Amino acid sequence: MPQGRVENVPDDGLTTRQRRRQHVLAVHTGQGKGKSTAAFGMALRAWSAGWPIAVFQFVKSPKWKVGEETALRALGETGKGGSVVWHKMGEGWSWIQRPGTERDHAAEAAEGWAQIKRDLAAEAYRFYVLDEFTYPIKWGWVDIADVVETLRERPGNQHVVVTGRDAHPDLVDLADLVTDMTKVKHPMDAGRKGQQGIEW
């Protein structure tokens with residue numbers, strides 16, 4: 001697609017402007033690094049456009065401090081771009097194990113998905129990052145048929161990015177944009193652990 005020129009124009013009766021303003025479902029999957037990073041880069045663009053943003057982080061512990069959260073929360077408070085709301089599943093609905101507690105991880109994942117459904121129905125935000133959402137789908141904690149129907153039928157002009165390995169084929173089929181991150185090399189291959197400023 002050189003210089004932003006489309007190769008095929010569908011016979012759908014829409015104008016170029018109408019087609020350009022359709023909502024987008026993006027999926028970042030694959031074994032390589034950069035799925036969430038790319039999604040947060042898109043969130044920066046959404047913030048700059050003045051769109052309200054919601055981030056739902058599945059699988060991440062609430063104790064983990066990631067640079068993107070700090071940056072996007074700070075930007076959201078400036079009043080210059082869009083507002084930013086950030087949910088970590090550990091804050092009320094996480095499946096991160098804690099000593100001495102028995103948690104129903106599937107129920108908590110379902111609760112998180114229920115909140116996303118409510119927000120989509122209310123058109124609460126313009127841009128959603130569902131970070132590592134492929135995992136609760138893969139583990140059967142969230143019903144893929146419900147996910148596909150909800151995302152397909154979402155009202156308004158709400159853009160959604162889903163990240164995580166092993167994206168379900170039905171989610172891939174539904175998406176408008178799918179990127180498969182392929183690992184060629186990674187510092188961990190040489191025994192190096194993640195570091196601040198690179199991984200968080």
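Counting from 1, the numbers follow the sequence of the chain as shown. Worth knowing before you read on, the calculation uses all heavy atoms, side chains too, and leaves out hydrogens, waters and symmetry mates. The model shown is predicted, which means the values in this text are computed figures rather than measured ones.
Residues M181 and V172 do not share a hydrophobic cluster, clusters being chains of Ile/Leu/Val/Met/Phe/Trp/Tyr side chains in contact below 4.5 Å. Under a hydrophobic clustering in which Ile, Leu, Val, Met, Phe, Trp and Tyr are joined whenever their side-chain heavy atoms come within less than 4.5 Å, directly or via other members, V178 and V160 fall into the same cluster. The hydrophobic cluster containing I144 also contains F58, counting ILVMFWY residues as joined when their side-chain heavy atoms lie under 4.5 angstrom apart, directly or transitively. By the rule that hydrophobic residues join a cluster once side-chain heavy atoms approach within less than 4.5 Å of another member, L177 and L25 end up as members of separate clusters. No chain of hydrophobic side-chain contacts below 4.5 Å, direct or via other Ile, Leu, Val, Met, Phe, Trp or Tyr residues, connects L120 to V24.
The closest donor-acceptor contact from the side chain of R154 to the backbone of Q158 lies under 3.5 Å. At distances below 3.5 Å, at least one donor-acceptor pair connects side-chain atoms of Y128 with backbone N or O atoms of D119.
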| After noting the C-alpha distance and the side-chain angles of V84 and L75, does the key distance pass the side-chain contact (heavy atoms from CB on, under 4.5 Å) rule? | CA-CA 8 Å; V84 178; L75 288 171; 5.6 Å; no
| task | Apply side-chain contact (heavy atoms from CB on, under 4.5 Å) to T37 and E68, showing your working. | result | CA-CA 8 Å; T37 304; E68 297 95 338; 4.1 Å; yes
| message | Using the rule given for side-chain contact (heavy atoms from CB on, under 4.5 Å), can you reason through V161 versus L130, listing the C-alpha separation, both sets of side-chain angles and the distance that settles it, and then say yes or no? | response | CA-CA 6 Å; V161 183; L130 310 187; over 6 Å; no
| task | Take D166 and T134, measure what side-chain contact (heavy atoms from CB on, under 4.5 Å) needs, and give me the verdict at the end. | result | CA-CA 7 Å; D166 304 317; T134 60; 5.7 Å; no
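Side-chain atoms of Y125 and V85, non-hydrogen and from C-beta on, do get closer than 4.5 Å to each other. Within the 4.5 Å cutoff, the side chain of N157 has heavy atoms near those of the R126 side chain.
Between G164 and T29, the shortest heavy-atom distance links the atoms O-OG1, 2.8 Å. Residues G156 and H23 share a closest heavy-atom pair of O-ND1, 3.2 Å. Minimum interatomic distance between P136 and A109 (heavy atoms only, all atoms of both residues): CB-CB, 4.1 Å. Closest heavy-atom contact between P52 and A124: CB-O, 4.3 Å. The two residues G30 and D180 have their closest heavy-atom pair at CA-OD1, 3.1 Å.
A salt bridge between D131 and K35 is absent, with no side-chain N of the basic residue lying under 4.0 Å from a carboxylate O of the acidic one. With respect to the salt-bridge test (charged N to carboxylate O, under 4.0 angstrom), the residues K88 and E69 qualify.
Side-chain contact of R165 with Q31: a donor-acceptor pair under 3.5 Å is present, judged by distance alone. Using a 3.5 Å distance cut-off with no hydrogens or angles, the side chains of W113 and D146 do pair a donor with an acceptor.
With F133 as the partner, the side chain to side chain contact (heavy atoms under 4.5 Å, CB included) test is satisfied by one option alone out of V27, L171, V147, T163: V147.
Applying the ring-ring contact (aromatic ring centres under 6.0 Å, His included) test to residues at least two apart or on different chains, the pairs with a partner in residues 25-53 are F40-W86, W51-H159.
Other residues, nucleotides and ligands place no more than 12 heavy atoms under 6.0 Å from the CZ atom of R192.
If you take CG on D170 and CD on E149, they are separated by 12.5 Å, rounding to the nearest 0.5 Å.
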